[in-house]
Amino acid sequence: MTIERQDRRSLPMADHVRGKRSPVTCMLKCANACLGPECNRTDNPTFRSVVDAVLTRRAALGLGLAGAVAIALPSAFGVGPGRPAAAAASTTLPFQPIPPVPASVDALTVPDGYAWHPVIRWGDPVLPGAPAFDPEAQTPEAQALQFGYNNDYLDVLADPSGLTGVLVVNHEYSNEGIMFPPSLGAVERSRITKMAQGMSVVEIERDAIGAPWRATVGRRSRRITVETPFALVGPAAGGALLRTVDDPSGRMVRGTLGNCAGGTTPWGTVLSGEENFNGYFTTPTATAATSRYGLSASPSSTRWELEDPRFRAADGHEQEANRFGYIVEIDPQDPTSTPVKHTALGRFKHEGANVRIGEDRRVVAYMGDDERGDYLYKFVSKHRYNDGTGPGARRQNLQLLSEGDLFVARFSGTSPAAEVDGSGALPADGAFDGTGQWIPLTLGGRSMVPGMSVEEVLVHTRLAADLVRPTKMDRPEDVEPHPTTGRVYVALTNNSQRGSRHPLDEANPRTGNRDGHVVELTELQGASGTAFAWSILLLCGDPASPSTYFAGYPKELVSPISCPDNVAFDAAGNLWISTDGQPGTLGLDDGLFKVSLEGPTRGRVEQFLAVPVDAETCGPVIHDREGSVFVAVQHPGEDGSWEVQRSAFPDYGATGPGTFAGPRPSVVQVVRA
Ligand code: FEO
Ligand code: CA
Ligand code: CA
């Protein structure tokens, strides 16, 4: 179905898009998740009630809050503002922050002294034989060989020589209204968009270390689409919940959907989160599970269900949607390898996953479920990381995510409920902070959720988590451990229902949370343990607003920032945040921001770049030692139409055969000029 311009303008989303995205993005990307019935209608306790219970117990024992806090906050809090820095704050990427860019500007804006170029654009060749991009004559066969649409996660994996490598990219969704001429038929569009989503592995090369990367076609080049076979692995693979008429084994799925963020593992594979998979299905029969995942009988925005019965979830395909919503793992070095879907990491609207090696050598993956009021998760592997360099070690490491324990987070705060008033004003103890627990959903191969089998926990993970009373969060996006301090950064992008459907709590303290926040989490028993401490690092927004907080750094010295989404780190230990939603909240183009974490500049937010009109900034990769930053520019000119395009990114002003008046989502490299 084409979403014609007129239809787009009448989309009933005034509330939905308040402070967030364009209605078109909401429909195409998230299947209007915010408009439908609330996915999480459970009545979990806020951690306020948990704290109150603790205080009541302590009062009965004759102890006060101070005692409780002293017990709850051990010395792991010793790394923080004003304390010795764990990483040097210097960087080889010096820049003067750019001024905020108004939301109508169609330009990629970088600091003085920097230049940018697209490494690869939608429609550029990935595989041998790919025809040159021709916007007037697109075909599914061409698109299957070309770079896909709406790039999100990316990583740049250089080979030992430093002169070659692979670029790995997610393609989250597509936008027929601006991709195709109106003359192209609905079936052909559908066949093309199926090839435009998924992932790309792109060979890259450069003339010298530090020189700009360019895309080429090589041995490792690969497109992964909605038709690529994936192996289901882990405890739920082969189970009854994953079988369909096409796959009675329950072990082989065609394709991956809604690939949003991701992470590169210590063993060199790439993880990708299947996020808004529900939007691809029409599901005639409603159950507790389908409702909890936002699956509905409504037509999908892709309309693939019209010609592909598995998206109709009927006639033997009832369980097809159970086969999406996982963390997928691909080996970008081996184009013949079969990518896998990891059931051990649970099924939800996975933003992404980021893996660290714990002190006990088990690997830990942090994950967010990106929905209003949904949860923060982590996975701890059963087996230990093998740091050998041979093929045997790699084979072992490729199994690490197939077996282990899955946890969900419950946060507790330190301040009285009355001091968390929804305004963002700090409580009397000067911080939104506290401790938390990782509550097991599976442990040692057994279900820890009464009444649910391991298979049920891993396929209906949201239903399982609801039963152990985790903390409802403000849309967990990227969750990433810092490479040297080990602290974990959680981007919570926004939640219009906070303070109404989802009660305020100290970890989600602002009513209507329009601008989102960032939580800093410290594991108290090592990465694989079950206790953590936390505090809010940033309450995002216009620094002129009293509702904001930047770790105590002077507000007049920070860039405005709203709707944090993806996070990354540079070699100097700074946090980088990309945003998705600033046009709707601050009236500004989205951007990429550097945040100091240590010493007197902790909390200083500096804007590095701004993306073009309607776009979101994705997949930041910071190679500061090489003077280089990569971003994926997703959905530029989203609100346009074929006839009236709103963005000409990135080929502004280009003419000649194959040029396109509209936008081409692209991976961009920014270099010191
Ligand atoms: Fe695809 Fe949660 O962003
Ligand atoms: Ca507090
Ligand atoms: Ca995202």
Side-chain angles (χ1 to χ4, degrees), residues 91-95 108-130 132-133 145-148 151-171 199-223 262-265 268-270 330-335 483 566 568-572 576 578 592 594 608-609 611 617-634 649-652 654 664-673:
T91 172
T92 53
L93 208 58
F95 68 96
L108 189 86
T109 307
V110 298
D112 285 344
Y114 288 81
W116 65 272
H117 66 278
V119 179
I120 190 164
R121 306 163 295 180
W122 165 49
D124 281 340
V126 171
L127 290 167
F133 179 61
L145 303 174
Q146 297 168 333
F147 194 63
N151 32 217
D152 195 310
Y153 177 78
L154 73 90
D155 205 356
V156 178
L157 307 175
D159 298 329
S161 73
L163 301 179
T164 57
V166 286
L167 168 68
V168 187
V169 183
N170 284 349
H171 302 291
M199 300 176 73
S200 291
V201 179
V202 181
E203 290 261 11
I204 50 174
E205 60 185 22
R206 58 182 173 178
D207 297 330
I209 291 175
W213 287 103
R214 56 183 177 267
T216 181
V217 175
R219 178 186 67 82
R220 295 170 290 185
S221 303
R222 187 172 193 185
R223 278 302 323 281
T264 299
T265 65
T269 59
V270 171
I330 72 162
D331 182 353
Q333 306 300 335
D334 180 2
N566 302 131
F569 302 95
D570 63 27
W576 292 67
S578 64
L592 177 67
K594 182 179 111 175
F608 181 77
L609 62 73
V611 293
T617 321
C618 294
V621 170
I622 318 299
H623 287 179
D624 46 317
R625 286 180 175 147
E626 297 186 358
S628 183
V629 167
F630 300 83
V631 290
V633 177
Q634 192 185 149
F649 169 82
D651 300 327
Y652 298 106
R664 297 173 72 179
S666 304
V667 171
V668 162
Q669 183 180 17
V670 183
V671 295
R672 289 185 73 176

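Residues take their numbers from the sequence shown, with the count starting at 1.
- Arg672 is linked by a side chain to side chain donor-acceptor pair (under 3.5 Å) to nothing, counting only residues two or more places apart in sequence or in another chain.
- Looking at Ile622 and Phe569, their side chains never come closer than 4.5 Å, going by heavy atoms from C-beta outward.
- Here the closest non-hydrogen pair linking Ser666 and Pro650 is OG-CG, 3.5 Å.
- Applying the ring-ring contact (aromatic ring centres under 6.0 Å, His included) rule to Phe649 yields the partners Trp116; only residues at least two apart in sequence or on another chain are considered.
- Residues Val671 and Phe630 are not in side-chain contact: their nearest non-hydrogen atoms beyond the backbone lie 4.5 Å or more apart.
- Counting only distance, with no hydrogens or angles, the side chain of Arg223 and the backbone of Met199 share a donor-acceptor pair below 3.5 Å.
- Taking CG of Asp124 as the start and CZ of Arg664 as the end, the distance is 5.0 Å to the nearest 0.5 Å.
- Between the side chain of Asn151 and the main chain of Val633, a donor-acceptor pair closer than 3.5 Å is present.
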> Is there a side chain to side chain contact (heavy atoms under 4.5 Å, CB included) between Leu127 and Val217 once you walk through the steps?
Replying inline: CA-CA 6 Å; Leu127 290 167; Val217 175; 5.5 Å; no

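- With Arg222 contributing its side chain and Val201 its backbone, the two residues share no donor-acceptor pair below 3.5 Å.
- Applying the salt bridge (charged side-chain N to carboxylate O under 4.0 Å, His left out) test to Asp159 and every residue at least two apart in sequence or in another chain returns Arg220.
- Counting heavy atoms from C-beta outward, Val166 and Gln333 have side chains that approach closer than 4.5 Å.
- Atoms CG and OG1, from Leu108 and Thr617 in turn, are 8.5 Å apart once rounded to the nearest 0.5 Å.
- Between Glu626 and Ile209, some side-chain heavy-atom pair lies under the 4.5 Å cut-off.
- Between Ile204 and Thr164 the shortest side-chain heavy-atom distance does not fall below 4.5 Å.
- The side chain to side chain contact (heavy atoms under 4.5 Å, CB included) test with Val156 singles out one residue from Leu167, Val119, Val667, Thr264, and that residue is Leu167.
- Under the side chain to side chain donor-acceptor pair (under 3.5 Å) criterion, Thr269 pairs with Thr265, Trp267, Glu329, not counting sequence neighbours.
- Judged by distance alone, with hydrogens and angles left aside, the side-chain atoms of His171 form a donor-acceptor pair with the main-chain N or O of Gly148 at under 3.5 Å.
- Across all their heavy atoms, Ala211 and Arg206 have their closest contact at O-CD, 3.4 Å.
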> Could you go step by step and tell me if Leu93 and Val629 meet the side chain to side chain contact (heavy atoms under 4.5 Å, CB included) rule?
Replying inline: CA-CA 9 Å; Leu93 208 58; Val629 167; 3.4 Å; yes

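- In this structure, the side chains of Phe608 and Val670 come closer than 4.5 Å at one or more pairs of heavy atoms.
- Contacts of Gln669 classified as side chain to side chain donor-acceptor pair (under 3.5 Å), with partners at least two apart in sequence or in another chain: His117, Ser628.
- Of the possible donor and acceptor atoms, none in the side chain of Ser221 sits under 3.5 Å from a partner among the backbone N and O of Arg219.
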> For Phe147 and Phe133, what are the C-alpha separation, side-chain angles and deciding distance, and is it a ring-ring contact (aromatic ring centres under 6.0 Å, His included)?
Replying inline: CA-CA 10 Å; Phe147 194 63; Phe133 179 61; over 10 Å; no

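- Although no hydrogens or angles enter the test, the distance criterion places a donor-acceptor pair under 3.5 Å between the side chain of Ser161 and the main chain of Leu163.
- With contacts defined as side-chain heavy-atom distances shorter than 4.5 Å, the pair Val126/Leu145 does not qualify.
- Tyr114 approaches Val110 most closely through the heavy-atom pair O-CG2, 3.5 Å.
- Contact between Cys618 and Ser578 at its shortest, heavy atoms only, is CA-OG, 4.2 Å.
- With respect to the salt-bridge test (charged N to carboxylate O, under 4.0 angstrom), the residues Arg121 and Asp651 qualify.
- Counting all heavy atoms, side chain and backbone alike, Pro620 lies closest to Asn566 at CD-CB, 3.6 Å.
- A search for side chain to side chain donor-acceptor pair (under 3.5 Å) contacts involving Arg214 returns Glu205, Asp207, not counting sequence neighbours.
- In this structure, Leu157 and Pro332 approach most closely via the heavy-atom pair CD1-CG, 3.9 Å.
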